[in-house]
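All remarks here apply to the structure that follows.
All values derive from a computational prediction rather than experimental measurement. Each chain gets a letter, A, B and so on, in the order its sequence line appears, and its residues count up from 1.
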Number of protein chains: 2
Amino acid sequence: MPKNKQDLLQGTLDLLILRILLSGARHGYDIAKRIQMVSDNVIQVGQGSLYPSLHRLERRGYIKAKWDISETGRRAKFYLLTPEGKTKASVEKNRWLEFTSAVNLILKNG
Amino acid sequence: MPKNKQDLLQGTLDLLILRILLSGARHGYDIAKRIQMVSDNVIQVGQGSLYPSLHRLERRGYIKAKWDISETGRRAKFYLLTPEGKTKASVEKNRWLEFTSAVNLILKNG
DNA sequence: CGGCATACCTCGAATGTCGACATATTATAT
DNA sequence: ATATAATATGTCGACATTCGAGGTATGCCG
């Protein structure tokens with residue numbers, strides 16, 4: 001059970017990043033801000049979670065990085081999904097839905 | 001991201017146990033079987049996760065144990081919720097719902 | 001008697017999250 | 001001019017949790 005409000009990613013951060021990248025390439029800082037915005041500030045990804053997750057996904061071949069210039073004119077590492085990453089985004093979404101349905105069953109019929 | 005099918009409790013095991021115990025006292029082995037049954041075999045709790053979780057919850061004052069005789073006539077440790085445990089079961093359910101709603105927003109509008 | 005289900009438990013490996021820290025550039029405010 | 005905030009990347013060690021594997025013991029059924 002997570003202790004504080006932030007400690008609730010619970011292994012879903014990689015999934016969140018993959019889903020965010022489905023709509024196009026983004027750099028790390030932007031991904032974190034988008035997660036926060038789309039989730040209505042419920043989910044806040046710290047940098048100590050974000051960058052390890054990105055490197056993990058890259059190491060496993062689900063995303064690829066290339067340096068470019070951000071909207072604000074700075075250098076930034078843009079990540080995009082590989083074909084394997086697109087598949088993974090779909091598979092993990094289904095796993096998430098199956099798992100949360102199962103948990104919800106227990107919440108109701110515990 | 002969880003590697004294998006079992007590796008998906010992701011910090012929700014304590015919540016599941018608290019919710020199961022809302023319907024009355026149960027012993028560990030029984031809790032695990034009930035989680036598996038109610039979740040339609042999607043969630044399977046290994047003993048290496050189950051017992052540490054129970055001891056954790058007891059140490060934190062959310063459940064209390066007493067030895068008794070199980071349905072099959074054997075000695076077993078029955079756990080029941082403390083008042084704090086009941087509160088916790090409710091609070092953590094709300095946290096879970098808020099969190100999964102946020103994740104689902106990202107899955108849809110990523 | 002042997003195997004399976006019941007019922008408890010511990011241990012170490014692996015993984016992931018977190019806050020804190022470090023670095024550099026640019027924009028804005030004083 | 002100078003400080004400070006936002007942008008942007010990254011590492012590090014502490015901490016918690018999950019997992020499989022292993023251990024113990026009892027009782028039932030064939």
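Contact annotation for B:Gly46: no contact, since no heavy-atom pair falls under 4.0 Å across all strands.
For B:Lys77, the listed nucleotide lying nearest its side chain is C:dC9; candidates were D:dG10, C:dC9, D:dA8. Among the nucleotides D:dA8, D:dT17, C:dA7, the one closest to the side chain of A:Glu71 is D:dA8. Nearest to the side-chain atoms of B:Leu13 among the listed nucleotides D:dT18, D:dT7, C:dA7 stands D:dT18. Comparing C:dC9, D:dT17, D:dG10 against the side chain of B:Arg60 picks out D:dT17 as the nearest.
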query: Between B:Asp14 and B:Tyr62, does a side-chain contact (heavy atoms from CB on, under 4.5 Å) hold up when you go through it step by step?
result: CA-CA 10 Å; B:Asp14 292 8; B:Tyr62 298 127; over 6 Å; no

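By the side-chain hydrogen bond (donor to acceptor under 3.5 Å, both in side chains) test, B:Thr87 pairs with no residue at all, sequence neighbours left out. Take A:Lys108 and apply the side chain to side chain contact (heavy atoms under 4.5 Å, CB included) test, not counting sequence neighbours, and it matches A:Asn104. Every residue two or more places apart in sequence or in another chain that forms a salt bridge (charged side-chain N to carboxylate O under 4.0 Å, His left out) with A:Arg26 is listed here: A:Asp30. Applying the side chain to side chain contact (heavy atoms under 4.5 Å, CB included) criterion to A:Leu80, with sequence neighbours excluded, gives A:Ala25, A:Lys66.
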- request: Indicate for each nucleotide in nucleotides 22-28 of chain D, in 5' to 3' sequence, whether protein heavy atoms under 4.0 Å reach the base (B), only the sugar-phosphate (S), or nothing (-).
  value: B---BB-

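At the phosphate of D:dT11, OP1 or OP2 sits under 4.0 Å from a side-chain N or O atom of A:His55. In this model, the phosphate group of C:dT17 is approached by a side-chain N or O of A:Arg56 to a distance below 4.0 Å at OP1 or OP2. Residue A:Tyr51 places at least one side-chain N or O closer than 4.0 Å to OP1 or OP2 of D:dT9.
In this structure, A:Ser70 and A:Ser49 both approach DNA chain D, and ranking their closest nucleotides by distance from the 5' end singles out A:Ser70.
Legend: ring pair (Phe, Tyr, Trp, His ring centres under 6.0 Å) pairs involving residues 18-37 of chain A, not counting sequence neighbours, sorted by first then second residue: A:His27-A:Phe78.
Here the P atom of nucleotide C:dT17 and the CD1 atom of A:Ile35 are 11 Å apart, to the nearest Å. Rounding to whole angstrom units, CD of residue A:Gln10 and C1' of C:dT15 are separated by 15 Å.
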